[in-house]
Each structure stands twice: as C-alpha cells, then as structure tokens.
S.K.: 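One structure, pasted below without further comment.
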Amino acid sequence: MRILVVEDEQDLLESLVEGLRLNSYAVDGCDDGCRAHELVSVVEYDLVVLDLNLPGVDGQYVCREVRRESDVPIIVVTSRDGQMDELLSMSFGADDFVAKPYNAPVLLARIARLLQRTYGSAGRSAVLERDG
C-alpha cells in the first residue's frame with residue numbers, strides 16, 4: 001500500500017512517515033499543498049493523510065481537487081478542530097477527520113481500517129495482523 005502524508009510541521013511529517021514505514025507501508029511525504037496535488041495527479045496512492053494548514057494552497061482545496069480526480073481515501077489530520085472544519089472537510093470528500101494532537105497508534109489503526117475497508121485484505125496493516 002502506498003500512502004502520501006501531507007504535513008507542513010516537519011517533526012510530525014517525519015514521525016508519521018517513519019511510523020507508517022515501520023508498519024510496512026510505502027510512504028511519500030510532502031509539506032506543501034500545491035506539491036501534494038501534483039503528486040496525487042501523477043502517482044497512484046492508496047491513501048492520503050492530509051493536514052489542512054499548508055503553504056501554497058490549504059488542505060481543503062487539495063481535498064476537493066483530489067476528490068474531483070480520484071476516489072483515493074483521504075484522512076484529514078489537523079489542528080483545526082472546529083465543527084465547521086470537520087464538516088467542510090467531509091463535504092469536500094474526506095473519509096475521516098482526526099484532530100491534533102492525535103494518538104499515533106489510534107491513527108495507524110484508522111489508516112489500516114480504512115485501507116482494509118477500501119481494498120479488502122490487501123489493505124491490512126502489519127500491526128493489525130500481529131495484534132489481530
């Protein structure tokens with residue numbers, strides 16, 4: 001499974017990319033909304049983890065544009081925790097919304113579950129296979 005993580009906070013980006021790689025995912029990281037949209041247009045990702053506060057264009061714009069071109073699952077992970085941000089993200093096509101600070105194992109479980117639900121057993125995470 002190939003995942004794109006879009007996060008402008010470098011420490012969070014590195015931490016999430018490493019955690020996903022440790023769980024046997026192929027992961028690309030990006031810290032800019034414009035670059036994220038470009039990547040999704042040329043690389044076939046199985047899932048996008050998307051922050052809303054990004055340089056270039058914001059995550060809601062990226063979510064809306066990606067959804068116009070693809071059915072790739074999108075999990076919004078953001079410090080914006082207002083109901084309107086969640087509602088807008090979901091209306092633009094996000095499949096899940098997670099507020100920061102998040103619990104890393106719970107986020108990994110959400111990712112694994114969404115991949116499994118979308119792609120069947122091919123989307124199962126190594127962490128869930130060991131625990132399950």
Side-chain angles (χ1 to χ4, degrees):
M1 298 269 93
R2 187 174 188 101
I3 298 174
L4 175 63
V5 177
V6 186
E7 170 61 65
D8 68 328
E9 293 181 48
Q10 199 61 37
D11 290 343
L12 288 176
L13 176 62
E14 290 172 9
S15 174
L16 187 50
V17 165
E18 181 167 332
L20 288 165
R21 286 183 178 150
L22 287 172
N23 283 280
S24 303
Y25 294 109
V27 185
D28 295 327
C30 173
D31 62 1
D32 177 89
C34 293
R35 179 73 180 132
H37 183 234
E38 290 171 13
L39 284 169
V40 172
S41 297
V42 296
V43 177
E44 191 170 324
Y45 290 103
D46 298 298
L47 181 117
V48 176
V49 178
L50 179 64
D51 186 15
L52 294 183
N53 298 319
L54 298 169
V57 295
D58 77 357
Q60 288 176 333
Y61 174 85
V62 174
C63 183
R64 185 175 60 241
E65 293 305 305
V66 167
R67 187 54 67 227
R68 285 183 183 167
E69 301 166 10
S70 171
D71 288 330
V72 64
I74 300 170
I75 297 178
V76 169
V77 178
T78 184
S79 58
R80 294 188 199 174
D81 60 358
Q83 290 179 352
M84 187 56 73
D85 292 308
E86 184 172 1
L87 180 62
L88 283 173
S89 295
M90 301 305 272
S91 70
F92 290 150
D95 296 282
D96 200 356
F97 186 94
V98 177
K100 293 178 189 171
Y102 55 83
N103 178 296
V106 172
L107 179 57
L108 289 171
R110 285 176 178 252
I111 289 169
R113 182 65 189 125
L114 183 54
L115 288 170
Q116 183 179 19
R117 192 174 69 238
T118 304
Y119 303 107
S121 62
R124 294 197 64 199
S125 165
V127 72
L128 291 185
E129 289 175 7
R130 280 182 270 160
D131 291 345

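In this chain, residues are counted from 1 in sequence order.
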S.K.: Should R80 and D58 count as side-chain neighbours, where that means a heavy-atom distance under 4.5 Å?
M.R.: yes

S.K.: L13, V49: one ILVMFWY side-chain cluster at the under-4.5 Å cut-off?
M.R.: yes

S.K.: Would L52 and F92 show up in the same hydrophobic cluster when neighbours are defined by side-chain heavy atoms closer than 4.5 Å?
M.R.: no

S.K.: Restricting to salt bridge (charged side-chain N to carboxylate O under 4.0 Å, His left out), what partner residues turn up for D95, sequence neighbours left out?
M.R.: R67

S.K.: Restricting to side-chain hydrogen bond (donor to acceptor under 3.5 Å, both in side chains), what partner residues turn up for R2, sequence neighbours left out?
M.R.: D28

S.K.: To the closest 0.5 Å, what do you measure between CG (L88) and CZ (F97)?
M.R.: 9.5 Å

S.K.: Of all the heavy-atom pairs spanning V76 and A94, show the shortest one and how long it is.
M.R.: CG2-CB, 3.7 Å

S.K.: As a quick check of understanding, evaluate side chain to side chain contact (heavy atoms under 4.5 Å, CB included) for T78 and D85, giving each step before the final call.
M.R.: CA-CA 9 Å; T78 184; D85 292 308; 5.7 Å; no

S.K.: Does the side chain of V98 come within less than 4.5 Å of R110's, by heavy atoms?
M.R.: yes

S.K.: Does atom CD of Q83 have more than 12 heavy-atom neighbours from other groups under 6.0 Å away?
M.R.: no

S.K.: According to side-chain hydrogen bond (donor to acceptor under 3.5 Å, both in side chains), who are the partners of R64, at least two apart in sequence or on a separate chain?
M.R.: none

S.K.: Working to the nearest 0.5 Å, report the span between CG of L115 and CD1 of I111.
M.R.: 7.5 Å

S.K.: Measure across G93 and C63 and return the closest heavy-atom pair with its distance rounded to 0.1 Å.
M.R.: C-SG, 3.9 Å

S.K.: Got a second to check how far I74's CD1 is from S89's OG, nearest 0.5 Å?
M.R.: 9.5 Å

S.K.: Is the shortest side-chain heavy-atom distance between D46 and Y25 below 4.5 Å?
M.R.: no

S.K.: Could you see if M84 belongs to whatever hydrophobic cluster contains V77? Use Ile, Leu, Val, Met, Phe, Trp, Tyr and a side-chain cutoff under 4.5 Å.
M.R.: no

S.K.: Can you name the nearest heavy-atom pair linking Y45 to I3, along with the distance?
M.R.: CD2-C, 3.7 Å

S.K.: Given side chains that start at C-beta, do those of L47 and L114 come closer than 4.5 Å, heavy atoms only?
M.R.: yes

S.K.: N53 versus E9: any side-chain heavy-atom pair under 4.5 Å?
M.R.: no

S.K.: Begin from the C-alpha positions of E18 and R21 and carry the test salt bridge (Lys or Arg N to Asp or Glu O under 4.0 Å) through to its verdict.
M.R.: CA-CA 5 Å; E18 181 167 332; R21 286 183 178 150; over 6 Å; no

S.K.: Quick one: which of V6, V62, V48 gives a side chain to side chain contact (heavy atoms under 4.5 Å, CB included) with V40?
M.R.: V48

S.K.: Does CG in N103 sit with more than 12 non-hydrogen atoms of other residues, nucleotides or ligands closer than 6.0 Å?
M.R.: yes

S.K.: Could you tell me if the side chain of M90 sits less than 4.5 Å from the side chain of L87, heavy atoms only?
M.R.: no

S.K.: Would you check if L12 and K100 make a side-chain contact, meaning some heavy-atom pair closer than 4.5 Å?
M.R.: yes

S.K.: Closest approach of E7 and D51, non-hydrogen atoms and distance?
M.R.: OE2-OD2, 3.2 Å

S.K.: Grab the two heavy atoms, one from V57 and one from C34, that are nearest each other, plus how far apart they are.
M.R.: CG2-N, 3.8 Å

S.K.: For C30 and L39, which heavy atoms make the closest approach, and how far apart are they?
M.R.: CB-CD1, 4.0 Å

S.K.: Can you tell me how far the CG atom of L50 sits from the CG atom of D96, to the nearest 0.5 Å?
M.R.: 12.5 Å

S.K.: Assess whether a salt bridge exists between E38 and R35, defined as any Lys/Arg side-chain N lying under 4.0 Å from an Asp/Glu carboxylate O.
M.R.: yes

S.K.: Tell me, yes or no, whether the heavy-atom count around E69 atom CD, taken from other residues, nucleotides or ligands under 6.0 Å, exceeds 12.
M.R.: yes

S.K.: Please answer whether the main-chain N or O of V66 pairs with a side-chain N or O of S70 as donor and acceptor at a distance below 3.5 Å.
M.R.: no

S.K.: Measure the spacing between CE of M1 and OG1 of T118 and express it to the nearest 0.5 Å.
M.R.: 9.0 Å

S.K.: To the nearest 0.5 Å, what is the distance between OH (Y102) and CG (L16)?
M.R.: 4.5 Å

S.K.: For residues V72 and L4, determine if any side-chain heavy atom of one lies less than 4.5 Å from a side-chain heavy atom of the other.
M.R.: no

